[in-house]
Amino acid sequence: MIEIKNLHVKIADEDKMILNGLNLTVKPGEVAAIMGPNGSGKSTLSYVMAGKDDYEVTEGDILLNGESILEMEPDERAAAGLFLAFQYPVEIPGVPTMNFLKAAMNSQRKAHGENELSTPEFIKTVREAAGKLDISMDMLKRSLNTGFSGGEKKRAEILQMALLEPKYCVLDETDSGLDIDALKIVSDGVNALRSPERAFMVITHYQRLLEHIIPDTVHVLYKGRIVETGGKELAQHLEANGYADIIGKAA
Ligand SMILES: Nc1ncnc2c1ncn2[C@@H]1O[C@H](COP(=O)(O)OP(=O)(O)O)[C@@H](O)[C@H]1O
Ligand SMILES: [Mg+2]
């Protein structure tokens, strides 16, 4: 279970508050969509969960399975089962995607007291997972995300997620920069990972992604707080009516 309790966050070097008492619970097996207009704090939430140090939590907590993650380093959060796919995946020139994936899988296995994968085991696992996402072995030889198209970056992130099998998945604007075919591949990849043990936070500005990844719950984030919660029909309402009436009610 992901529990975000009364979370207040500001920019580390400034007084500017971005999250202002955000409350959200996502149960195992649940896909929660987080929607909201630009600038409402969606990406900030994902960065704070990742442990990026540009942000400071001034109040509140984030718990995974009842345990606070705020004092954990990013790698400890990953070992606890947290995975984040960012709106703008970082490019790592000089590190072939394959090597990155192998290191990520092995460090996770090590944290769980498991043996490292042998190279043949690793290649077999990656080949299978990559095939499902329409990722070629050639693409995996290239440096991570470097010169990848928007769609390739998103598919590479879903591949990481499929390989790491995290319990808590946070996807920030996974639909941005995707054409309709890539959107379908990425959504199918996410849907294949849905399971009773796994919780998802799918952050998106548009309803489009939610036609492919049908959420269990929909939450509207505005000015750093959840101002409305509902089922998948709430996303359809937003698509038809925009954010204005819900924001108006919250203001
Ligand atoms: N590092 C930063 N420095 C200054 N302002 C920031 C920083 N990160 C986010 N913000 C501001 O915080 C607000 C929320 O941004 P963000 O979390 O990216 O929103 P969203 O993802 O919902 O569009 C915006 O007003 C943005 O300009
Ligand atoms: Mg954003």
Side-chain angles (χ1 to χ4, degrees), residues 2 4-24 26 31-62 69-70 74 77 82-91 145 148 150-151 153-158 161 168-178 182-183 186-187 190 200-210 212-213 215 217-230 234-235 237-239 241-251:
I2 304 171
I4 301 171
K5 294 185 175 173
N6 192 30
L7 191 66
H8 289 71
V9 170
K10 71 177 198 67
I11 306 284
D13 310 324
E14 300 170 35
D15 282 334
K16 186 176 173 183
M17 294 299 300
I18 303 189
L19 301 182
N20 299 296
L22 193 155
N23 287 294
L24 178 70
V26 188
V31 174
I34 317 297
M35 301 184 73
N38 281 327
S40 50
K42 302 185 299 295
S43 291
T44 299
L45 175 61
S46 68
Y47 286 135
V48 172
M49 292 183 80
K52 201 168 178 227
D53 41 8
D54 311 20
Y55 302 94
E56 187 184 319
V57 174
T58 58
E59 206 183 326
D61 210 346
I62 304 173
I69 62 167
L70 292 184
R77 298 179 192 212
L82 181 64
F83 178 87
L84 289 108
F86 292 112
Q87 183 168 5
Y88 304 106
V90 281
E91 304 195 353
N145 290 328
F148 284 15
K153 285 181 184 171
K154 302 290 165 159
R155 278 184 281 147
E157 297 233 286
I158 303 302
M161 187 166 83
Y168 316 99
C169 307
V170 181
L171 309 174
D172 189 10
E173 305 265 358
T174 291
D175 47 339
S176 72
L178 295 188
L183 183 66
V186 164
S187 307
V190 171
F200 283 92
M201 286 168 52
V202 177
I203 299 174
T204 182
H205 182 77
Y206 298 106
Q207 200 255 345
R208 185 178 77 147
L209 178 69
L210 306 178
H212 298 272
I213 302 172
T217 55
V218 174
H219 310 266
V220 179
L221 180 58
Y222 180 61
K223 290 194 177 165
R225 287 173 40 233
I226 301 293
V227 296
E228 184 90 17
T229 287
L234 177 56
H237 173 88
L238 291 169
E239 183 73 2
N241 302 285
Y243 286 104
D245 60 335
I246 284 173
I247 287 170
K249 223 168 45 177

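A quick note: this is a predicted structure, and the numbers were derived from the prediction, not measured. Numbering of residues begins at 1 and proceeds along the displayed sequence. As the structure lists them, so they are numbered: ligands from 1, and atoms in each ligand from 1.
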- Backbone of Ala85 reached by a side-chain donor or acceptor of Asp172 within 3.5 Å: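 Such a contact is absent between Asp172 side chain and Ala85 backbone.
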- Message: Between Arg77 and Leu70 (side chain of the first, backbone of the second, donor and acceptor by atom type, cut-off under 3.5 Å), is there such a pair?
- Response: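 Here the side-chain-to-backbone pair exists.
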- Query: Do the rings of Tyr243 and His205 sit parallel, tilted or perpendicular, given the 30° and 60° boundaries?
  - Reply: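 Judged by the thresholds at 30° and 60°, the geometry between Tyr243 and His205 is tilted.
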- Query: Polar-atom distance check: Glu14 versus ligand 1, any N or O pair below 3.5 Å?
  - Reply: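 By distance alone, the answer is no.
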- Message: Counting only nitrogen or oxygen atoms and a 3.5 angstrom limit, does Tyr55 reach ligand 1?
- Response: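 N/O-N/O distance under 3.5 Å: yes.
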- With atom 18 (O) of ligand 1 as the reference point, say which of Gly41, Ser43, Ala12 has the nearest heavy atom.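 That would be Ser43.
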- Check each of Thr44, Ile203, Ile11 against atom 3 (N) of ligand 1 and report the one with the nearest heavy atom.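 Going through Thr44, Ile203, Ile11 one by one, Ile11 has the nearest heavy atom to atom 3 (N) of ligand 1.
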- Query: What distance separates Ile203 CD1 from Lys42 NZ, expressed to the nearest 0.5 Å?
  - Reply: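 Ile203 CD1 to Lys42 NZ: 8.0 Å, rounded to 0.5 Å.
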- Message: With rounding to the nearest 0.5 angstrom, report the OH to CD1 distance, Tyr168 to Ile62.
- Response: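 That separation rounds to 13.0 Å.
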- Message: Looking only at protein heavy atoms, which one is nearest to atom 23 (O) of ligand 1, and what is the separation?
- Response: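 Of the protein heavy atoms, Gly39 N, 2.7 Å lies nearest.
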- Message: Quick test: of every protein heavy atom, which one is nearest to atom 26 (C) of ligand 1, and how far off is it to 0.1 Å?
- Response: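 Result: Lys16 NZ, 4.2 Å.
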- Message: I'd like to check which ligand 1 atoms, numbered from 1 as shown, lie under 4.0 Å from a non-hydrogen atom of Ile18.
- Response: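 Atoms satisfying the 4.0 Å criterion: 6 (C), 9 (C), 10 (N), 11 (C), 12 (O), 13 (C), 14 (C).
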- Arg208 bridged to Glu239 by N-O distance under 4.0 Å: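 So Arg208 does not pair with Glu239 through a salt bridge.
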- Examine all N, O or S atoms of Ser43, backbone included, and report whether one is under 2.8 Å from the Mg ion (ligand 2).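 Yes.
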